[in-house]
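Everything below concerns the one structure shown next.
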Amino acid sequence: MSGVEGKVVAITGASSGIGAATATHLAERGARLVLGARREDRLHAVVDQITAGGGSAVGTVIDVTRREDLKRLTDVAVDRFGRLDVLVSNAGTMAVSPFDELRQDDWDAMVATHITGLLNGIGAALPVFRRQRSGQFVNIASTAAYVVKSPQAVYAATKTAVKVLTEGLRQESGPHLRVTLVSPGFTNTEGVGKGASPEAAAAAARQRDEIAIPPSAIASAIGYAIEQPVGVDISEVVVRPTVQA
Ligand code: NDP
(Lines give C-alpha, C1' and ligand atoms only; values in the text may rest on other atoms or scores of the structure.)
Protein backbone atom coordinates (compact mmCIF):
# COMPACT_ATOMS: atom_id res chain seq x y z
CA MET A 1 0.00 0.00 0.00
CA SER A 2 1.51 3.29 -1.10
CA GLY A 3 1.64 6.34 1.14
CA VAL A 4 -0.83 8.02 -1.19
CA GLU A 5 -3.46 5.30 -1.29
CA GLY A 6 -6.73 6.23 0.38
CA LYS A 7 -5.65 9.78 1.21
CA VAL A 8 -8.21 12.51 0.65
CA VAL A 9 -6.52 15.27 -1.34
CA ALA A 10 -8.10 18.60 -2.32
CA ILE A 11 -6.43 20.47 -5.20
CA THR A 12 -7.11 24.03 -6.30
CA GLY A 13 -6.54 24.94 -9.92
CA ALA A 14 -7.21 21.35 -10.98
CA SER A 15 -8.86 22.15 -14.33
CA SER A 16 -5.58 22.21 -16.30
CA GLY A 17 -1.79 22.06 -16.19
CA ILE A 18 0.01 21.09 -13.00
CA GLY A 19 -3.21 20.74 -10.97
CA ALA A 20 -4.80 18.36 -13.47
CA ALA A 21 -1.55 16.36 -13.82
CA THR A 22 -1.30 16.10 -10.04
CA ALA A 23 -4.89 14.88 -9.82
CA THR A 24 -4.18 12.18 -12.40
CA HIS A 25 -0.90 11.17 -10.73
CA LEU A 26 -2.49 10.84 -7.29
CA ALA A 27 -5.64 9.10 -8.60
CA GLU A 28 -3.46 6.44 -10.23
CA ARG A 29 -1.96 5.82 -6.78
CA GLY A 30 -5.33 5.47 -5.05
CA ALA A 31 -5.95 8.93 -3.61
CA ARG A 32 -9.51 10.21 -3.28
CA LEU A 33 -9.70 13.65 -4.82
CA VAL A 34 -11.70 16.82 -4.38
CA LEU A 35 -10.88 19.11 -7.30
CA GLY A 36 -11.60 22.82 -7.55
CA ALA A 37 -11.31 25.52 -10.25
CA ARG A 38 -13.53 28.11 -11.97
CA ARG A 39 -14.01 26.57 -15.43
CA GLU A 40 -16.72 24.00 -14.83
CA ASP A 41 -16.37 22.21 -18.18
CA ARG A 42 -12.61 21.76 -17.87
CA LEU A 43 -12.87 20.72 -14.24
CA HIS A 44 -15.47 18.09 -14.97
CA ALA A 45 -13.46 16.79 -17.90
CA VAL A 46 -10.63 16.05 -15.44
CA VAL A 47 -13.04 14.43 -12.97
CA ASP A 48 -14.62 12.33 -15.74
CA GLN A 49 -11.24 11.17 -17.02
CA ILE A 50 -10.21 10.05 -13.54
CA THR A 51 -13.45 8.28 -12.74
CA ALA A 52 -13.50 6.60 -16.18
CA GLY A 53 -10.08 5.18 -15.30
CA GLY A 54 -11.43 3.74 -12.04
CA GLY A 55 -10.22 6.57 -9.79
CA SER A 56 -12.14 8.51 -7.19
CA ALA A 57 -12.73 12.24 -7.74
CA VAL A 58 -15.38 14.90 -7.27
CA GLY A 59 -15.27 18.43 -8.60
CA THR A 60 -16.59 21.65 -7.19
CA VAL A 61 -16.45 25.02 -8.91
CA ILE A 62 -14.45 27.43 -6.79
CA ASP A 63 -12.75 30.79 -7.04
CA VAL A 64 -9.89 30.73 -4.53
CA THR A 65 -10.18 34.48 -3.97
CA ARG A 66 -13.51 33.80 -2.23
CA ARG A 67 -13.16 32.57 1.32
CA GLU A 68 -16.47 30.69 1.27
CA ASP A 69 -15.41 28.71 -1.82
CA LEU A 70 -12.39 27.22 -0.04
CA LYS A 71 -14.61 26.37 2.90
CA ARG A 72 -16.92 24.57 0.49
CA LEU A 73 -13.99 22.65 -1.03
CA THR A 74 -12.90 21.34 2.36
CA ASP A 75 -16.52 20.69 3.39
CA VAL A 76 -16.99 18.53 0.29
CA ALA A 77 -13.95 16.48 1.31
CA VAL A 78 -15.23 15.92 4.83
CA ASP A 79 -18.86 15.30 3.77
CA ARG A 80 -17.97 12.93 0.94
CA PHE A 81 -14.92 11.14 2.31
CA GLY A 82 -15.04 11.79 6.06
CA ARG A 83 -11.73 13.65 6.23
CA LEU A 84 -9.16 15.78 4.45
CA ASP A 85 -5.54 14.66 4.41
CA VAL A 86 -3.89 17.14 2.03
CA LEU A 87 -4.69 20.53 0.54
CA VAL A 88 -2.67 21.36 -2.59
CA SER A 89 -2.88 25.14 -3.14
CA ASN A 90 -1.97 25.33 -6.80
CA ALA A 91 -4.34 27.84 -8.43
CA GLY A 92 -2.39 30.58 -10.14
CA THR A 93 -2.10 33.10 -12.91
CA MET A 94 1.04 34.15 -14.75
CA ALA A 95 -0.19 37.38 -16.40
CA VAL A 96 3.19 39.11 -16.22
CA SER A 97 3.91 42.52 -17.78
CA PRO A 98 6.24 45.52 -17.37
CA PHE A 99 5.16 48.06 -14.73
CA ASP A 100 4.77 50.78 -17.37
CA GLU A 101 1.81 48.94 -18.85
CA LEU A 102 -0.06 49.59 -15.59
CA ARG A 103 -2.01 46.35 -15.74
CA GLN A 104 -3.35 46.88 -12.28
CA ASP A 105 -6.17 44.33 -12.67
CA ASP A 106 -3.54 41.68 -13.38
CA TRP A 107 -1.50 42.77 -10.35
CA ASP A 108 -4.64 42.51 -8.21
CA ALA A 109 -5.46 39.09 -9.64
CA MET A 110 -2.01 37.73 -8.80
CA VAL A 111 -2.17 39.11 -5.26
CA ALA A 112 -5.70 37.77 -4.78
CA THR A 113 -5.07 34.36 -6.32
CA HIS A 114 -1.67 33.59 -4.84
CA ILE A 115 -1.79 35.33 -1.46
CA THR A 116 -5.47 35.67 -0.50
CA GLY A 117 -6.21 32.35 -2.20
CA LEU A 118 -3.51 30.59 -0.20
CA LEU A 119 -4.71 32.18 3.05
CA ASN A 120 -8.28 31.17 2.25
CA GLY A 121 -7.09 27.58 1.92
CA ILE A 122 -5.21 27.74 5.21
CA GLY A 123 -8.27 29.23 6.89
CA ALA A 124 -10.50 26.46 5.61
CA ALA A 125 -8.20 23.45 6.09
CA LEU A 126 -6.31 24.27 9.29
CA PRO A 127 -9.29 23.70 11.63
CA VAL A 128 -9.98 20.37 9.90
CA PHE A 129 -6.35 19.30 10.24
CA ARG A 130 -6.20 20.39 13.90
CA ARG A 131 -9.38 18.43 14.67
CA GLN A 132 -8.03 15.31 12.95
CA ARG A 133 -4.58 15.86 14.46
CA SER A 134 -3.15 15.25 11.01
CA GLY A 135 -2.94 16.93 7.64
CA GLN A 136 -0.61 18.36 5.03
CA PHE A 137 -0.43 21.64 3.16
CA VAL A 138 1.30 21.53 -0.23
CA ASN A 139 1.75 25.04 -1.57
CA ILE A 140 2.86 25.76 -5.12
CA ALA A 141 5.27 28.67 -5.51
CA SER A 142 7.72 29.07 -8.42
CA THR A 143 11.40 29.49 -9.18
CA ALA A 144 10.31 33.16 -9.37
CA ALA A 145 10.16 32.99 -5.57
CA TYR A 146 13.96 32.59 -5.63
CA VAL A 147 15.00 34.98 -8.40
CA VAL A 148 13.26 38.00 -9.90
CA LYS A 149 13.38 38.40 -13.66
CA SER A 150 11.82 41.37 -15.42
CA PRO A 151 8.93 41.75 -16.14
CA GLN A 152 7.83 39.22 -13.52
CA ALA A 153 8.19 41.37 -10.39
CA VAL A 154 4.55 41.26 -9.25
CA TYR A 155 4.29 37.56 -9.97
CA ALA A 156 7.62 36.95 -8.21
CA ALA A 157 6.54 39.03 -5.21
CA THR A 158 3.36 37.03 -4.76
CA LYS A 159 5.22 33.74 -5.15
CA THR A 160 7.83 34.93 -2.64
CA ALA A 161 4.90 35.56 -0.33
CA VAL A 162 3.76 31.97 -0.87
CA LYS A 163 7.24 30.81 0.16
CA VAL A 164 7.30 33.02 3.26
CA LEU A 165 3.77 32.07 4.34
CA THR A 166 4.60 28.40 3.88
CA GLU A 167 7.69 28.63 6.08
CA GLY A 168 5.76 30.54 8.75
CA LEU A 169 3.00 27.96 8.66
CA ARG A 170 5.56 25.18 8.96
CA GLN A 171 7.06 26.77 12.05
CA GLU A 172 3.61 26.88 13.69
CA SER A 173 2.44 23.50 12.47
CA GLY A 174 3.40 21.36 15.47
CA PRO A 175 3.85 17.59 15.47
CA HIS A 176 0.72 16.61 13.54
CA LEU A 177 0.85 18.75 10.41
CA ARG A 178 3.21 18.65 7.46
CA VAL A 179 3.88 21.67 5.29
CA THR A 180 5.49 21.46 1.86
CA LEU A 181 6.53 24.09 -0.66
CA VAL A 182 6.89 22.95 -4.28
CA SER A 183 8.44 25.47 -6.67
CA PRO A 184 8.24 24.63 -10.36
CA GLY A 185 10.45 26.08 -13.04
CA PHE A 186 9.31 26.32 -16.66
CA THR A 187 6.57 23.75 -17.08
CA ASN A 188 4.65 23.09 -20.26
CA THR A 189 1.12 24.22 -19.46
CA GLU A 190 -1.49 26.44 -21.07
CA GLY A 191 -0.92 28.97 -18.28
CA VAL A 192 2.56 29.92 -19.55
CA GLY A 193 2.26 33.37 -21.10
CA LYS A 194 -1.53 33.44 -20.72
CA GLY A 195 -2.69 37.03 -20.16
CA ALA A 196 0.92 38.30 -20.25
CA SER A 197 2.04 41.33 -22.24
CA PRO A 198 2.82 40.39 -25.88
CA GLU A 199 6.58 40.52 -25.42
CA ALA A 200 6.50 38.52 -22.19
CA ALA A 201 4.06 36.02 -23.72
CA ALA A 202 6.33 35.51 -26.72
CA ALA A 203 9.37 35.00 -24.46
CA ALA A 204 7.42 32.56 -22.29
CA ALA A 205 6.21 30.62 -25.33
CA ARG A 206 9.80 30.34 -26.56
CA GLN A 207 10.97 29.03 -23.19
CA ARG A 208 8.04 26.64 -23.06
CA ASP A 209 8.84 25.23 -26.51
CA GLU A 210 12.58 25.03 -25.91
CA ILE A 211 13.12 23.96 -22.31
CA ALA A 212 9.89 23.31 -20.41
CA ILE A 213 9.39 20.10 -18.47
CA PRO A 214 6.02 18.28 -18.47
CA PRO A 215 3.51 18.94 -15.67
CA SER A 216 3.87 15.28 -14.68
CA ALA A 217 7.36 16.18 -13.34
CA ILE A 218 5.78 18.56 -10.83
CA ALA A 219 3.02 16.07 -10.06
CA SER A 220 5.68 13.46 -9.18
CA ALA A 221 7.35 15.87 -6.73
CA ILE A 222 4.00 16.59 -5.08
CA GLY A 223 3.28 12.87 -4.89
CA TYR A 224 6.70 12.25 -3.34
CA ALA A 225 6.01 14.79 -0.59
CA ILE A 226 2.59 13.28 0.11
CA GLU A 227 3.71 9.64 0.18
CA GLN A 228 6.32 10.12 2.92
CA PRO A 229 5.64 8.41 6.23
CA VAL A 230 4.14 10.41 9.08
CA GLY A 231 6.96 12.32 10.74
CA VAL A 232 8.86 12.92 7.50
CA ASP A 233 8.24 16.41 6.18
CA ILE A 234 9.50 17.34 2.72
CA SER A 235 9.65 21.06 3.43
CA GLU A 236 10.83 22.47 0.13
CA VAL A 237 11.30 21.16 -3.41
CA VAL A 238 12.43 23.07 -6.51
CA VAL A 239 11.82 21.27 -9.82
CA ARG A 240 13.18 22.99 -12.91
CA PRO A 241 14.38 22.05 -16.39
CA THR A 242 18.05 21.06 -16.20
CA VAL A 243 18.90 23.85 -18.62
CA GLN A 244 16.89 26.59 -16.87
CA ALA A 245 19.18 29.41 -15.79
P1 NDP B 1 -2.63 26.59 -15.73
O2 NDP B 1 -3.11 27.89 -16.26
O3 NDP B 1 -2.75 25.40 -16.58
O4 NDP B 1 -3.32 26.28 -14.34
C5 NDP B 1 -3.76 27.25 -13.45
C6 NDP B 1 -4.95 26.71 -12.70
O7 NDP B 1 -5.37 27.65 -11.72
C8 NDP B 1 -6.13 26.46 -13.62
O9 NDP B 1 -6.72 25.23 -13.26
C10 NDP B 1 -7.07 27.61 -13.31
O11 NDP B 1 -8.38 27.15 -13.51
C12 NDP B 1 -6.76 27.82 -11.83
N13 NDP B 1 -7.12 29.13 -11.31
C14 NDP B 1 -6.62 30.34 -11.67
N15 NDP B 1 -7.20 31.31 -10.94
C16 NDP B 1 -8.09 30.70 -10.12
C17 NDP B 1 -8.99 31.16 -9.13
N18 NDP B 1 -9.13 32.46 -8.86
N19 NDP B 1 -9.75 30.25 -8.47
C20 NDP B 1 -9.64 28.95 -8.75
N21 NDP B 1 -8.80 28.45 -9.67
C22 NDP B 1 -8.03 29.31 -10.34
O23 NDP B 1 -1.11 26.84 -15.33
P24 NDP B 1 -0.08 25.95 -14.47
O25 NDP B 1 -0.57 24.58 -14.31
O26 NDP B 1 1.23 26.18 -15.09
O27 NDP B 1 -0.10 26.71 -13.07
C28 NDP B 1 -0.33 26.04 -11.83
C29 NDP B 1 0.51 26.69 -10.76
O30 NDP B 1 1.89 26.49 -11.02
C31 NDP B 1 0.31 28.22 -10.65
O32 NDP B 1 0.27 28.60 -9.30
C33 NDP B 1 1.56 28.77 -11.32
O34 NDP B 1 1.90 30.05 -10.84
C35 NDP B 1 2.58 27.71 -10.91
N36 NDP B 1 3.78 27.70 -11.72
C37 NDP B 1 3.73 27.35 -13.04
C38 NDP B 1 4.89 27.36 -13.79
C39 NDP B 1 4.90 27.01 -15.25
O40 NDP B 1 5.94 27.22 -15.90
N41 NDP B 1 3.82 26.47 -15.80
C42 NDP B 1 6.20 27.73 -13.21
C43 NDP B 1 6.12 28.07 -11.81
C44 NDP B 1 4.96 28.04 -11.10
P45 NDP B 1 -9.67 28.03 -13.88
O46 NDP B 1 -9.24 29.06 -14.89
O47 NDP B 1 -10.61 27.00 -14.41
O48 NDP B 1 -10.13 28.61 -12.59
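Ligands are counted one by one from 1 in listed order, and the atoms in each one are counted from 1 as well.
- Nearest protein neighbour of atom 25 (O) of ligand 1, counting heavy atoms only, is Ile18 N, 2.8 Å.
- Proximity to Gly17 (heavy-atom distance under 4.0 Å) selects the following atoms of ligand 1: 3 (O), 25 (O).
- Closest to atom 40 (O) of ligand 1, if we only count protein heavy atoms, is Thr187 N, 2.8 Å.
- In terms of N/O distances under 3.5 Å, ligand 1 is not approached by Thr93.
- For the residue pair Glu236 and Ser183, no side-chain donor N or O sits within less than 3.5 Å of a side-chain acceptor on the partner.
- Regarding atom 37 (C) of ligand 1, its nearest protein heavy-atom neighbour is Met94 SD, 3.7 Å.
- For the residue pair Arg83 and Ser134, a side-chain donor N or O sits within less than 3.5 Å of a side-chain acceptor on the partner.
- The two residues Val58 and Val76 make their nearest non-hydrogen contact at CG2-CG1, 3.8 Å.
- Between Glu167 and Lys163 no salt bridge is recorded (no basic side-chain N to carboxylate O distance below 4.0 Å).
- Under 4.0 Å from ligand 1, not a single heavy atom of Arg42 appears.
- The shortest separation from a heavy atom of Thr12 to ligand 1 is not under 4.0 Å, leaving the residue out of contact.
- Scanning the protein for heavy atoms near atom 14 (C) of ligand 1, the closest one is Arg38 NH2, 3.3 Å.
- Nearest heavy atom pair, residue Val61 against residue Arg38, reads CG1-O, 3.6 Å.
- The contact set between ligand 1 and Glu190, taken as ligand atoms under 4.0 Å from a residue heavy atom, comprises 3 (O).
- Taking atom 42 (C) of ligand 1 as the reference point, the nearest protein heavy-atom neighbour is Gly185 O, 3.2 Å.
- Considering each of Ala91, Ser183, Ala37, the one bringing a non-hydrogen atom nearest atom 22 (C) of ligand 1 is Ala91.
- The protein atom (non-hydrogen) at minimum distance from atom 18 (N) of ligand 1 is Asp63 OD1, 3.0 Å.
- Applying the 4.0 Å criterion to heavy atoms of Gly191 picks out, from ligand 1, the atoms 1 (P), 2 (O), 3 (O), 23 (O).
- Listed here is the closest heavy atom pair of Pro151 and Val96: O-CB, 3.7 Å.
- Not close to ligand 1: Arg208, with no non-hydrogen atom less than 4.0 angstrom away.
- For Trp107 and Phe99, the ring centers are positioned less than 6.0 Å apart.
- Those atoms of ligand 1 that come under 4.0 Å of a heavy atom in Phe186, given as number and element, are 40 (O).
- Taking each heavy atom of Asn139 and Ser89 in turn, the nearest pair found is OD1-CB, 3.7 Å.
- Looking only at side-chain heavy atoms (C-beta outward), Val237 and Leu181 stay at 4.5 Å or farther from each other.
- Using a 4.5 Å heavy-atom cutoff, the side chains of Val179 and Thr166 are in contact.
- In this structure, atom 5 (C) of ligand 1 lies nearest to the protein heavy atom Gly92 O, 3.6 Å.
- The Tyr155 neighbourhood of ligand 1 comprises atoms 33 (C), 34 (O), 35 (C), 36 (N), 43 (C), 44 (C), with distances under 4.0 Å to a heavy atom of that residue.
- Side-chain contact between Val64 and Asn120 is absent, with no heavy atoms from C-beta onward closer than 4.5 Å.
- Side-chain N/O atoms of Thr24 and Gln49 include no donor and acceptor closer than 3.5 Å.
- Side-chain atoms of Arg39 and Ser15 include a donor-acceptor pair closer than 3.5 Å.
- Two residues are said to be in side-chain contact when any heavy atoms from C-beta on lie closer than 4.5 Å; Pro214 and Thr187 fail this criterion.
- When all heavy atoms of Ala21 and Ser216 are compared, the pair lying nearest together is CB-N, 4.1 Å.
- At a 4.0 Å cut-off, at least one heavy atom of Asn90 sits close enough to ligand 1 to count as contact.
- On a distance-only criterion, Ser142 and ligand 1 share no N/O pair closer than 3.5 Å.
- Between Ser15 and ligand 1, an N or O atom pair is found at a separation short of 3.5 Å.
- If you number the atoms of ligand 1 from 1 as listed, the ones under 4.0 Å from a heavy atom of Ile140 come out as 30 (O).
- Of the protein's heavy atoms, Gly13 CA, 3.5 Å lies nearest to atom 12 (C) of ligand 1.
- Residue contact check for ligand 1: Ala21 places no non-hydrogen atom closer than 4.0 Å to it.
- Heavy-atom proximity to Ile62, at under 4.0 Å, picks out these atoms of ligand 1: 19 (N), 20 (C).
- Residue contacts with ligand 1, taken as heavy atom pairs separated by less than 4.0 Å, do not involve Ala212 at all.
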